Amino acid sequence: MTALVSRPGTLSIGLARGAFELRQFFRQKETVVFTFSLPVLLMVLLGSVFGDVYPDTGLEASQLFAAGMIGAGIISTSFVSMGIGVALDRENGTLKRLRGTPMPATSYFIGKIVLVAVSSLAQAAIMLTIASLMFGLTVPTSPEKWLTFAWVFALGVTGCAALGVAASSLARSVNGAAAGTNIVFLALQFASGVLVTPITALPDVMVNVSSFFPVKWMCQGLRSVFLPEEAARYEMAGQWELGLTALVLSAWCVAGLLLCRLVFRWTNNRE
Amino acid sequence: MEVRGLRKDYGASTVVAGVDLDIRQGEIFALLGPNGAGKTTTVEILEGHRRRTGGDVRVLGEDPGRAGGAWRARIGIVLQSASDSAELTVAESLRHFARYYPDPRDPEEVVRLVGLEEKRNARVQTLSGGQRRRLDVALGIIGRPELLFLDEPTTGFDPEVRRKFWTLIELLAAEGTTILLTTHYLDEAEALADRVAVLAGGRVVAEGTPATLGGRANAEATVRWTDARGAHERRTPRPTSLVNELSAGGGELGGLTVTRPSLEDTYLDLIGERR
């Protein structure tokens, strides 16, 4: 009973886990380079191919593409990295060891959220810098735009990270988790008008399906932040639909966290 | 620790088939048995890592299947094979894990206890197999556990490190830590354990002190000697009388030996019965 009194708090252990996760992550040079460079590479290569200028607004296709790709970059560091990271923790004994300590499960997730928030923010900063240098994407100055960025980022990262954890529990191994999350992510990137711009060029049916998932809304939200007002005409609805974006992303946060609770496994043991 | 009728089934196959164990506070208890005997499964159920199919289990007064963080703060688990925390240093990972516990040991003291002083600033992934195991032990005792689970702790240790490790275990036991040890090494069980149990086919086939296990102390002894007519060997429950009788003539018996079954002989007999 006395042990109950002085046990360290869930939040303080969670933040310590965050520091631990960040150290683990940033010391693995190859993983860091790979994680950050893949979306950047895709943005630079494809962005250089899209040379069109839309005659009605004077906007360049590469700008539309780059703004969406920033969203995809964030999803890659949250959904994909989380899916693989948790599967790896399960395979290398991290979760088994933690299960045998008084660390609360919530602290483990706080640590993961810290890792994902920091790495996703770094990813967004790197991609925005390159996009503004290469494609003339303008870094917004108005506080409203940054407010929009903040909530799109927070809701998107939380939902995607939770879905990543859930995905890791469905996979039997790290390789399975890596392949599974990447396939889902790639298909949704395509169907959500990230790789093909503008999104209106895609068949309606495809966009109707992808509109159920967070990728479309995340990228649309970020286009609203990084592109001028008149770019809204290249969205399916002809407007930014920020209310609906908030709704869908929030719904995925709730669904992701519930799914996470439902399917999360500490080990690969058969029971 | 009290275990009654512990069962674990995986589908149709039964891995643990009704195990009873009592482990008293402060003792070193060794669980022996061949691979596949159900040792690891039993221990993982006691650690709270696996659910059981049946039976009653109380560990430190609680059911490990339901116990929470306060209970986990009182136990320590040494994992058999883990490759986590690869990028951190030895000292960093010990300091980090110390934060989970209400009354942890000093990480520097633990580094000394397991003999990793020279490696304290080395990344975990650069450690050798034996050093990695010592770090696992260090992580198991960082929280000052009342009960320590050691699953085959000295596999891969060289003899010198193994002796040092034994000294550490004796030190922990002297401080009042209860220790549950599984091992393949019978000399380890004999050197460390107050009591041992042999598990075979998911059941406890014998239990006792290392000296009396399986009726070892009272088992028939083998007396061997040579005389003018050649070499002799006789099994007897009363070797002293036999030797008295043989030496009644006053002559010296050539090559006289009296042997009792070693722990290993007893063990092999015990698990042989179940095969």
Side-chain angles (χ1 to χ4, degrees), chain A residues 1-32 35 85-108 110-112 114-115 174 265-271, chain B residues 8-11 15 40-41 44-45 47-53 60-61 64 67-89 92-93 95-104 123-125 132 135-136 139-140 142-146 148-149 151:
Chain A
M1 290 300 116
T2 47
L4 272 173
V5 182
S6 53
R7 273 176 62 211
T10 302
L11 183 65
S12 77
I13 296 181
L15 294 176
R17 288 267 346 140
F20 179 101
E21 296 272 11
L22 286 171
R23 266 195 197 143
Q24 273 282 95
F25 177 73
F26 282 105
R27 282 180 187 176
Q28 272 170 300
K29 298 285 180 290
E30 290 139 52
T31 319
V32 172
T35 305
V86 174
L88 192 63
D89 281 353
R90 204 174 283 123
E91 208 160 277
N92 72 15
T94 301
L95 278 170
K96 187 170 188 186
R97 185 187 306 286
L98 293 174
R99 187 66 176 140
T101 74
M103 181 213 70
T106 312
S107 303
Y108 172 74
I110 294 174
K112 284 289 181 201
V114 170
L115 170 65
V174 175
R265 289 180 289 118
W266 287 92
T267 61
N268 281 329
N269 286 344
R270 60 198 182 116
E271 281 288 352
Chain B
K8 178 69 184 176
D9 302 330
Y10 292 112
V15 177
T40 298
T41 303
E44 289 194 343
I45 291 170
E47 292 168 344
H49 276 325
R50 275 176 200 271
R51 282 190 288 273
R52 61 185 185 270
T53 314
L60 296 175
W71 178 80
R72 291 198 157 87
R74 298 167 62 202
I75 65 165
I77 297 174
V78 177
L79 293 184
Q80 223 183 45
S81 61
S83 53
D84 59 323
S85 311
E87 302 294 333
L88 268 74
T89 68
E92 280 171 346
S93 50
R95 278 200 301 271
H96 174 75
F97 277 86
R99 301 184 66 146
Y100 298 172
Y101 295 90
D103 179 28
R123 297 266 176 103
V124 171
Q125 62 178 354
R132 169 82 231 197
L135 174 62
D136 288 334
L139 290 169
I142 190 78
R144 211 182 291 278
E146 293 168 48
L148 182 65
F149 292 96
D151 201 1

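Proteins come first, then strands; the chains are lettered A, B, ... in the order of their sequence lines, and each starts at number 1. Here the structure is a predicted model, which means the values were calculated and not measured.
Contact annotation for B:F97: only side-chain heavy atoms (C-beta onward) come within less than 4.5 Å of a heavy atom of chain A. Neither the backbone nor the side chain of B:I142 has a heavy atom closer than 4.5 Å to any heavy atom of chain A. Only the side chain of A:L98 comes within less than 4.5 Å of a heavy atom in chain B; its backbone stays farther off. Proximity to chain A (any heavy atom under 4.5 Å) is shown, for B:S85, by both the backbone and the side chain.
By the 4.0 Å N-to-carboxylate-O rule, B:E44 lies too far from A:R99 to be salt-bridged with it. Under 4.0 Å is where a charged nitrogen must lie from a carboxylate oxygen, and between A:K96 and B:E47 no such pair does.
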Practice task
I would like to know whether A:F20 and B:R99 meet side chain to side chain contact (heavy atoms under 4.5 Å, CB included); could you show each step before the answer?
Solution key: CA-CA 12 Å; A:F20 179 101; B:R99 301 184 66 146; over 6 Å; no

Handout entry: Pair A:Q24-B:L88, side chain to side chain contact (heavy atoms under 4.5 Å, CB included): steps then yes or no
Key = CA-CA 6 Å; A:Q24 273 282 95; B:L88 268 74; 3.2 Å; yes

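Between A:M103 and B:R72 the shortest side-chain heavy-atom distance does not fall below 4.5 Å. Residues B:E87 and A:R23 fail the side-chain proximity criterion, which asks for heavy atoms closer than 4.5 Å. Considering only heavy atoms from C-beta on, B:D136 comes within 4.5 Å of A:R97 through its side chain. In this structure, B:W71 and A:P102 have side chains that are not in contact, with every pair of non-hydrogen atoms separated by 4.5 Å or more.
Taking every heavy atom of both residues into account, A:P8 and B:P102 meet most closely at CD-N, 4.0 Å.
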